[in-house]
Every structure is written in structure tokens, then in C-alpha cells.
Amino acid sequence: MSYVDEVFELVVAKNPAQPEFHQAVKEVLESLRVVIEANEEAYRKDALLERICTPERQILFRVPWVDDKGQVQVNNGFRVQFNSAIGPYKGGLRLHPSVNLGIIKFLGFEQIFKNSLTGLPIGGGKGGSDFDPKGKSDREVMAFCQSFINELYRHIGADTDVPAGDIGTGAREIGYMYGQYKRLTGLYEGVLTGKGLTYGGSLARTEATGYGLLYLTEEMLKCNGKDIAGKTVVISGSGNVAIYAAQKAQQLGAKVVTVSDSTGWVYDAEGIDIALLKEVKEVKRARLTEYAAARPSAEYHDGKGVWTVKCDIALPCATQNELNLEDAKALVANGCFAVAEGANMPTTLDATEYLQKNGVLFCPGKAANAGGVATSALEMSQNSERLSWTFEEVDSKLKGIMVNIFHNLDDAAKKYGMEGNYVAGANIAGFLKVAEAMTAQGIV
Ligand code: NDP
């Protein structure tokens with residue numbers, strides 16, 4: 001059996017009941033096959049793949065907190081410190097009832113390659129909790145965040161592990177966590193990113209993942225003789241990534257006609273009104289029904305349906321496995337020619353293959369949404385030098401990073417005879433740097 005297949009079997013056997021983690025490992029290992037086979041003996045002797053698929057450290061802890069009725073609630077807390085070969089662990093904290101160890105491991109594993117692709121010195125990690133911030137009062141969210149940090153603070157630090165936001169963790173949660181970290185340690189340091197602008201946050205961090213997604217998409221289209229201006233775009237999600245992806249797409253001259261949340265979706269024939277969307281989602285934290293109620297050109301639909309809308313470009317920006325084979329078939333049938341993932345692993349493996357086989361330009365999340373973590377790394381740099389850069393400075397660095405990422409993965413795909421396969425290109429380019437650093441640092 002080939003080394004790649006052997007390691008995949010081992011991962012499945014050693015990590016039972018973690019399907020998302022298996023899926024992420026399978027996608028990466030499959031596309032590394034050609035690289036591994038060229039150097040199989042050395043990688044096997046060093047157990048390089050077993051090591052890269054096994055987290056350096058996994059921290060699981062109890063998070064007790066008191067709700068507004070005086071009742072004690074208990075959540076599970078996670079931090080997976082996956083790989084520090086090229087820098088301190090870096091990756092977000094997800095707060096969502098679906099969070100479990102397998103989800104955090106899939107996200108942490110993806111983060112290793114994503115962070116490598118940014119060209120910045122950051123290792124891979126991820127964390128979170130099955131706590132649901134939805135419907136909780138600010139005091140309850142604060143109580144949870146403080147309790148979460150009461151345990152996590154001893155494992156993180158500006159030079160060891162720097163968490164950030166993700167689903168359910170925005171500026172409010174990061175603020176409460178940062179306050180508690182500072183209280184416990186007395187340190188005013190860049191230990192969390194996504195901070196508010198008055199206490200060490202970076203301009204353009206809020207916009208970074210969505211804007212970065214569009215900068216990369218624009219470059220991918222340009223290199224394939226296409227232009228984003230005048231195109232129709234469908235977007236799923238209506239959180240941080242989706243909102244700023246929609247904003248930048250419209251700034252670049254495209255028309256975004258959909259957004260969604262976990263209960264339904266909106267079709268807006270006139271193009272999404274970004275100011276209204278922000279008001280509903282960022283200020284009121286309300287459902288999309290409120291958007292539709294305030295906008296005559298918008299139709300609200302229950303459930304899932306964004307991928308059935310006719311479009312040129314699709315940007316999944318909600319969550320994992322939200323775009324399946326049936327959705328991919330609908331997109332192709334409707335003439336969609338590009339898909340770039342704002343979310344992490346939103347497209348199932350069979351849907352990805354279908355899109356690629358049908359000539360759709362497909363960029364995976366670990367490259368397309370890397371603008372968030374890249375700008376987090378820029379926030380770390382600003383914190384270290386105790387300076388704040390302007391919006392334009394950060395935005396122009398972000399754009400440079402995204403354009404570079406696209407060319408790195410495009411070049412890697414070409415070099416290994418898989419031109420146009422950006423999934424393989426991203427995995428190969430991300431892997432080679434980490435593998436070289438791991439090899440140089442010996443068996444650790
Ligand atoms: P938010 O919490 O801001 O928004 C998430 C959006 O996705 C919401 O509209 C939410 O709807 C929807 N959603 C969440 N879970 C589900 C589900 N199970 N089914 C359907 N819809 C769902 O998160 P972000 O925008 O920050 O993150 C979105 C994706 O982007 C995630 O995959 C995340 O890992 C990835 N990402 C985020 C980065 C960042 O900088 N924030 C960086 C890189 C990747 P509802 O409000 O109803 O829950």
C-alpha cells in the first residue's frame with residue numbers, strides 16, 4: 001500500500017467518529033500524492049505524514065458559567081495546537097453548538113496549510129466551544145468568555161499561540177476574552193487578534209477575509225481571461241465573511257443577489273443592500289426576514305437554496321459541507337464558471353470534483369479565505385512594534401498577499417503537471433514549506 005493510503009487509514013483508525021477531520025485529511029493527502037511519491041522513502045522514514053496529521057497538543061477543558069437566571073451552565077472548551085513548525089499557533093475560536101473535537105481538528109489541520117500559504121511566520125491551531133452566543137445577553141456572553149479564558153490563558157501568548165475570531169466569535173467576544181487575559185496575566189500583548197481599534201486591533205481586520213476572498217477571485221479570473229465587473233454573484237452566509245465579500249464584490253462592479261443564514265436565504269434582484277444587511281446582522285443581530293421586510297426587491301425563502309440561483313460566480317461563506325454534489329450540478333447547469341470558498345471546507349469532496357471536471361475555476365478555502373489570518377498576522381506585527389498602520393496600508397498588504405497566494409498555488413499546480421487544479425496547488429505549496437521546516441527541526 002502506498003504511504004499516503006497507509007497514513008489515511010491510520011488517521012481514520014486513530015481518530016474515530018471525526019468525519020470532518022477525515023475529509024480534510026483525505027483532500028490534502030490525495031493532492032499531495034505526487035509530491036510524497038517522489039520522496040516517499042525519506043518522508044516515510046521520518047513519519048512526516050503521521051506527524052503532520054497529529055496535533056502537537058490538544059487541550060480539552062470545562063467551561064462553567066452562570067446564566068441570567070442564576071443557573072450554572074457547562075460547556076466544552078477546545079484548543080488544538082496542531083503545528084508550530086513555521087511560527088506560533090494561529091487560528092480562530094469557533095463558538096457554535098455543533099463544535100466538537102473533530103470539527104476543531106479539521107479546522108486546525110486546514111489552518112496549517114493556509115497559514116503557510118500566506119508566506120507569514122504562523123503555525124496552525126484552532127479552538128472553540130459548543131457554547132451558542134445566539135440569544136444570550138451580553139452579560140452571559142461575558143461570563144462565558146471570562147470562564148473560557150480562565151483556563152485557556154495558561155496555554156496561549158503572543159509568541160506561543162494567538163487565537164482569533166471565527167463563527168460566533170466577533171469583536172464583542174474577543175474584547176471580553178482579551179480583558180480577562182490581561183487581568184489574569186497583567187500582560188498587554190498581542191495574544192488575540194480581531195481586537196477593537198482602541199486596544200490594539202488592526203484597521204481592515206474586520207473586512208479582511210471577505211475582501212481577501214475577492215482579491216484572490218479577481219486575480220484567478222484575470223489569469224483565466226475573465227473579469228469580475230458586471231458578473232452576477234451568489235453568496236451564502238451573512239456573517240463577517242459574507243458581508244465583506246459582498247461589499248468588495250459590489251465595489252469591483254459585480255452584482256451580489258443572495259445571502260443566507262442558518263434558517264433561510266434572501267434573493268435580491270436589485271443586488272444586496274450592504275448598509276441594510278449590516279444594520280440587520282451586525283447591529284440588531286436579527287434574522288434575514290428583517291432584511292426582506294425592509295427591502296421591496298428582496299424575496300425571503302426558508303431553508304437552503306442559494307446554489308439554485310443563476311449566477312456567474314459562487315462564493316460559499318457560511319460553514320463546512322454547505323455545497324454538495326446536487327448544488328454543484330445546479331451551479332454548472334446554470335452557467336456558473338467560478339467558485340471560491342470564503343468558508344472553511346464548504347464544498348464536499350464529490351462536489352469539488354464535479355465542479356473541477358466541468359471546467360469551473362475552483363479555489364479552496366485554505367487559499368481563498370487566507371486574508372483573515374494574514375491580516376491577523378499583520379495585527380500581531382503592529383502589536384509587536386506598538387504602532388498602528390492606516391487602513392490603506394493594511395488593505396494594500398492584504399491585496400499583495402492574496403495575489404501572491406494565487407500565483408503560488410497556480411505555479412505549484414503547473415510544476416506538478418496539474419495546471420488549473422488550484423486545490424492541488426494550494427495543498428502542495430502549503431505543505432512543502434511546512435515539511436521543509438519540520439525536517440530541518442528534527443524529530444519533534
Ligand atoms: P459568522 O458567525 O460571522 O457568520 C456565519 C454565517 O454562516 C452566519 O450567517 C450563519 O448563520 C451561517 N451559518 C453558520 N453555521 C451554519 C450552519 N450550520 N448552516 C447554515 N448556515 C450557517 O462567521 P464567519 O463569517 O466569521 O465565518 C464563516 C465561515 O468562514 C466559517 O467557515 C469560518 O471558519 C470561515 N472563516 C472565517 C474567517 C474570519 O476571519 N471570520 C477567516 C477564515 C475563514 P446564523 O447567523 O443563522 O448562524
Side-chain angles (χ1 to χ4, degrees), residues 20 24 90-99 103-104 106-111 114-115 117-118 124 126-128 130-135 163-174 192-194 201-202 204-213 216 235-247 258-266 277-278 280-282 284-291 302-307 315-324 327 340-347 364-379 398 402:
E20 292 86 1
K90 181 94 199 81
L93 297 170
R94 178 172 290 190
L95 299 182
H96 193 273
S98 64
V99 164
I103 299 259
I104 298 298
F106 118 63
L107 291 162
F109 183 72
E110 290 276 298
Q111 198 83 41
K114 179 190 308 197
N115 293 3
L117 281 171
T118 65
K126 197 83 188 187
D130 56 0
F131 172 77
D132 187 357
K134 263 199 222 107
D166 191 74
I167 290 180
T169 307
R172 175 182 60 171
E173 290 74 18
I174 293 289
L192 287 151
T193 57
S202 174
R205 174 61 188 92
T206 306
E207 295 83 354
T209 309
Y211 277 24
L213 172 65
L216 186 138
I235 290 184
S236 64
S238 50
N240 174 264
V241 180
I243 290 173
Y244 293 95
Q247 179 164 301
T258 66
V259 284
S260 68
D261 64 18
S262 50
T263 48
W265 59 286
V266 157
L277 181 64
K278 284 186 184 175
V280 171
K281 283 293 171 183
E282 291 185 339
K284 294 187 179 160
R285 296 177 188 271
R287 311 311 304 168
L288 283 172
T289 41
E290 287 211 18
Y291 175 97
D302 275 328
K304 190 183 151 173
V306 161
W307 315 125
L315 305 174
C317 296
T319 194
Q320 64 274 0
N321 293 329
E322 53 161 317
L323 197 167
N324 61 28
D327 303 322
E341 297 183 324
N344 284 310
M345 210 169 73
T347 316
K366 62 171 74 70
N369 69 33
V373 75
T375 308
S376 278
L378 301 180
E379 182 174 329
L398 167 66
M402 298 313 294

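Counting starts at 1 for both ligands and their atoms, in listed order. Given the structure is predicted, the values throughout are model-derived calculations rather than measurements. The first residue in the sequence is number 1, and the count goes up from there.
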Task: Ser376 and Arg205 side chains, donor-acceptor separation under 3.5 Å - done: yes
Task: Check: Asp302 side chain, Gly264 main-chain N or O, donor-acceptor pair, under 3.5 Å - done: no
Task: Residue contacts for ligand 1, heavy atom to ligand atom, distance under 4.0 Å - done: Arg94, His96, Lys114, Lys134, Asp166, Ile167, Gly168, Arg205, Thr209, Gly237, Ser238, Gly239, Asn240, Val241, Ser260, Asp261, Ser262, Arg287, Cys317, Ala318, Thr319, Gly342, Ala343, Asn344, Asn369
Task: Shortest non-hydrogen contact between Thr347 and Pro316, atoms and distance - done: OG1-CG, 4.4 Å
Open item on the list: Any side-chain to backbone donor/acceptor pair from Glu341 onto Lys366? Under 3.5 Å, distance only.
Closed with: no
Task: Donor-acceptor contact present, side-chain Glu173 to main-chain Gly170, <3.5 Å - done: yes
- [ ] Taking all non-hydrogen atoms of both residues into account, name the closest pair between Trp265 and Leu288 and its distance.
- [x] CA-CD1, 4.5 Å
